[in-house]
Protein chains: 2
Amino acid sequence: MNSSVEENYLKALFMLSGTKGEATVNEVSRFLDIKMPTVNSMMKRLSEKGLVIHENYKPLRLTEKGKLEAALVVRKHRLTEMYLVEKMGFGWEEVHHIAEQIEHIHAPDFFNKMDELLGYPTVDPHGSPIPSKEGSIIATPYIQLSDCLVGDRVELMAVGQSSASLLKYLNTRELALGALIHIDEIEPFDRSMHVSYSDRTSVVLTSLVCDSLLVRRVES
Amino acid sequence: MNSSVEENYLKALFMLSGTKGEATVNEVSRFLDIKMPTVNSMMKRLSEKGLVIHENYKPLRLTEKGKLEAALVVRKHRLTEMYLVEKMGFGWEEVHHIAEQIEHIHAPDFFNKMDELLGYPTVDPHGSPIPSKEGSIIATPYIQLSDCLVGDRVELMAVGQSSASLLKYLNTRELALGALIHIDEIEPFDRSMHVSYSDRTSVVLTSLVCDSLLVRRVES
DNA sequence: TAAATATATTAGTATACTCTAATATTTTGT
DNA sequence: ACAAAATATTAGAGTATACTAATATATTTA
């Protein structure tokens, strides 16, 4: 059984390993806000436990076992977020810090019950996929809004980072998952976008925001 | 902010301090299944934090601050148990080990939401009182079934210990909170009782069980 | 390619929480 | 009241998780 701390390292590595399936000590260090030597020695431990592959001065990779255990933590996190929003009435910007703690609870029956009460959801309130009990995750083919072009019509599918500040920002602009967005204009010098959606027009989104919005092109 | 471990010591002391408002190192040690020297040094720490009063070779007592913080942990535990039973459909014997973990979560909004969704309950599924946000607890004037006499008619109000084994035992006998129990007979040699309730008659309860059942006399 | 910078590792230290063994004190039983 | 038993404390050690400082390797830049 992994400790909460170990679970956090596994989750970090899981979330940082992109398509390449690897991440560096430095990335994990910055992500968790824990100094590199600490990360280094923890990775050595996880490597001895058969959860991480770690050769000196090489990037970190999760083993299959590590991938599964990390995915299950993410699963608990996202199921919890979904439950908090759907069944308890929290806003999508309020649930992260609660789920961050509940994800470390060891009680399969508790998470299975949430899953059941929610009707076996596949995405969380931020549009991120919920890994299955087997650790498999449905790849999302979404693209960043910042990669779209003037005239594109897209649907907001997920947010890349679920920081409370970004989510509150979206709340004040009434920009929710599922919104159909039309790109009216792109400022070349700062890559900010003028977009329209619902009954709003000419809303300006900075490039930082556009990077975090994951969308799907819609035939127009 | 207290750690989960510290919270467990506070809770133990809170629950063990009876009317006298004190408990010994040994009692806490047995209750938590942690060796005495460990308890001793932790109590020294809590004493430095102003949560416990601890003079050498004297019993332990919670300060007002310690009492409040302990009560709030118990509050989180019992609110959680109530939520799990009432809103998620768990049986009363399944919720203890889950609540034991959730009680250490730091998220007032989460527990306030449970409280609200439950309609501000004052007792948990086992009949134990839920401390208020101010740490006050409604004293329960219940007596042990084992203190009653032949012919008494009582209502089952709470169970003194919520071990899964006792609760399952009660489940199989269909003995639930609120049951009206009549004491038919008491075996003098082992203090076991023959009781009737609902449509059951001559059910035998051992003295161990009778000690754990908290009841209120009903005028007959 | 050499120097500068970034990243990674090692070594040593600190705190939280646990233990066992040894000792001190209090309580109990005769 | 004294010996035995129970309880409490001190001392010393171990694991988990963090840190800083020093060093080693890798990458970038000029």
Side-chain angles (χ1 to χ4, degrees), chain A residues 1-14 16-18 20-62 66 69-70 73 100-101 103-106, chain B residues 1-14 16-18 20-62 66 69-70 73 100-101 103-106:
Chain A
M1 184 107 80
N2 305 312
S3 70
S4 313
V5 174
E6 288 170 330
E7 284 187 345
N8 279 336
Y9 282 89
L10 290 174
K11 188 172 61 127
L13 193 44
F14 185 80
L16 291 169
S17 308
K20 289 209 303 292
E22 22 176 88
T24 66
V25 171
N26 191 258
E27 283 161 354
V28 174
S29 169
R30 273 180 289 137
F31 185 83
L32 293 177
D33 193 22
I34 288 174
K35 296 290 182 289
M36 277 201 287
T38 308
V39 173
N40 201 277
S41 57
M42 177 59 85
M43 288 305 169
K44 187 173 288 177
R45 272 235 321 264
L46 294 176
S47 163
E48 274 154 20
K49 288 181 81 169
L51 299 168
V52 166
I53 294 164
H54 187 196
E55 293 170 90
N56 261 7
Y57 296 103
K58 294 261 178 65
L60 305 159
R61 325 223 279 87
L62 286 166
E69 303 200 356
V73 176
E100 203 68 13
Q101 299 177 71
E103 70 186 5
H104 299 299
I105 285 173
H106 293 292
Chain B
M1 181 107 81
N2 305 311
S3 70
S4 313
V5 173
E6 288 170 331
E7 285 187 345
N8 279 336
Y9 282 90
L10 291 173
K11 188 170 60 126
L13 192 44
F14 184 81
L16 291 170
S17 308
K20 288 208 305 292
E22 21 176 87
T24 65
V25 172
N26 191 258
E27 283 161 355
V28 174
S29 168
R30 271 180 292 137
F31 185 83
L32 293 177
D33 194 22
I34 288 176
K35 294 290 180 291
M36 278 202 286
T38 308
V39 173
N40 200 278
S41 57
M42 177 58 85
M43 288 305 169
K44 186 171 289 179
R45 271 235 321 264
L46 293 175
S47 164
E48 276 155 18
K49 288 180 80 167
L51 299 168
V52 166
I53 293 164
H54 187 196
E55 294 169 271
N56 261 8
Y57 296 103
K58 294 262 178 65
L60 305 161
R61 326 224 278 81
L62 285 167
E69 303 199 357
V73 177
E100 203 68 15
Q101 299 177 69
E103 70 186 5
H104 299 299
I105 285 174
H106 295 291

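These values consider heavy atoms only, across backbone and side chains, with no hydrogens, waters or symmetry-generated copies. Residue numbering restarts at 1 for every chain, and letters A, B, ... go by the order of the sequence lines.
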Fill in the blank from the handout: Closest to the 5' end of DNA chain C, once B/M42 and A/M36 are matched to their nearest nucleotides, is A/M36
Completion exercise
Of D/dA8, C/dA8, D/dC19, the nucleotide closest to the side chain of B/V25 is D/dA8
Handout entry: Integer-rounded Å distance: C/dT7 C1' and A/L60 CG
Key = 12 Å
Exercise for the section: With heavy atoms under 4.0 Å as the rule, sort B/S29 into base, sugar-phosphate or nothing. Expected result: nothing
Practice task
Send over the distance from A/N2 CG to D/dA16 C1', rounded to a whole Å.
Solution key: 14 Å
Completion exercise
B/M1 CE to C/dT15 P, in whole Å, measures 20 Å
Fill in the blank from the handout: DNA chain D nearest-nucleotide lookup for A/P37 and A/N56: closer to the 5′ end is A/P37
Handout entry: Nucleotide of D/dA18, C/dC19, D/dA8 approaching A/V5 most closely (side-chain heavy atoms)
Key = D/dA18
Exercise for the section: Look at the side-chain N and O atoms of B/T24 and state whether any lies under 4.0 Å from the OP1 or OP2 oxygen of D/dT7. Expected result: no
Handout entry: Within-4.5 Å side-chain heavy-atom neighbours: A/L51 and A/Y9
Key = no
Practice task
Just call it for A/S3: base, sugar-phosphate, or nothing, with non-hydrogen atoms closer than 4.0 Å on any strand.
Solution key: sugar-phosphate
Handout entry: Gap between atoms CD and P, on A/E55 and D/dA26 respectively (whole Å)
Key = 12 Å
Problem - Euclidean distance, atom CG of residue A/D33 to atom C1' of D/dA18 [Å, nearest integer] - result: 12 Å
Handout entry: N/O donor-acceptor pair under 3.5 Å between B/S29 side chain and B/V25 backbone
Key = no
Exercise for the section: Would you mind reading off the distance between A/Y9 atom OH and D/dA18 atom C1', rounded to a whole angstrom? Expected result: 8 Å
Handout entry: Check: A/L46 and A/L10 side chains under 4.5 Å, non-hydrogen atoms
Key = yes
Practice task
Would you mind classifying the nucleic acid contact of A/S41 as base, sugar-phosphate or nothing, using non-hydrogen atoms under 4.0 angstrom?
Solution key: nothing
Fill in the blank from the handout: A/N26 CG to C/dA8 P, in whole Å, measures 5 Å
Handout entry: Length of the NZ-P vector between A/K58 and D/dT27, whole Å
Key = 10 Å
Practice task
Determine the sole option in B/H104, B/H106, B/E69 for which the side-chain hydrogen bond (donor to acceptor under 3.5 Å, both in side chains) test with B/N2 is passed.
Solution key: B/E69
Practice task
Answer yes or no: does a side-chain N or O of B/Y57 lie under 4.0 Å from OP1 or OP2 of D/dT10?
Solution key: no
Problem - Test side-chain contact (heavy atoms from CB on, under 4.5 Å) applied to A/E6 and A/K11, A/M42, A/M1, the passing residue - result: A/M42
Practice task
Name the nucleic acid region contacted by B/K44, choosing base, sugar-phosphate or nothing; use a 4.0 angstrom heavy-atom cut-off, strictly under.
Solution key: sugar-phosphate
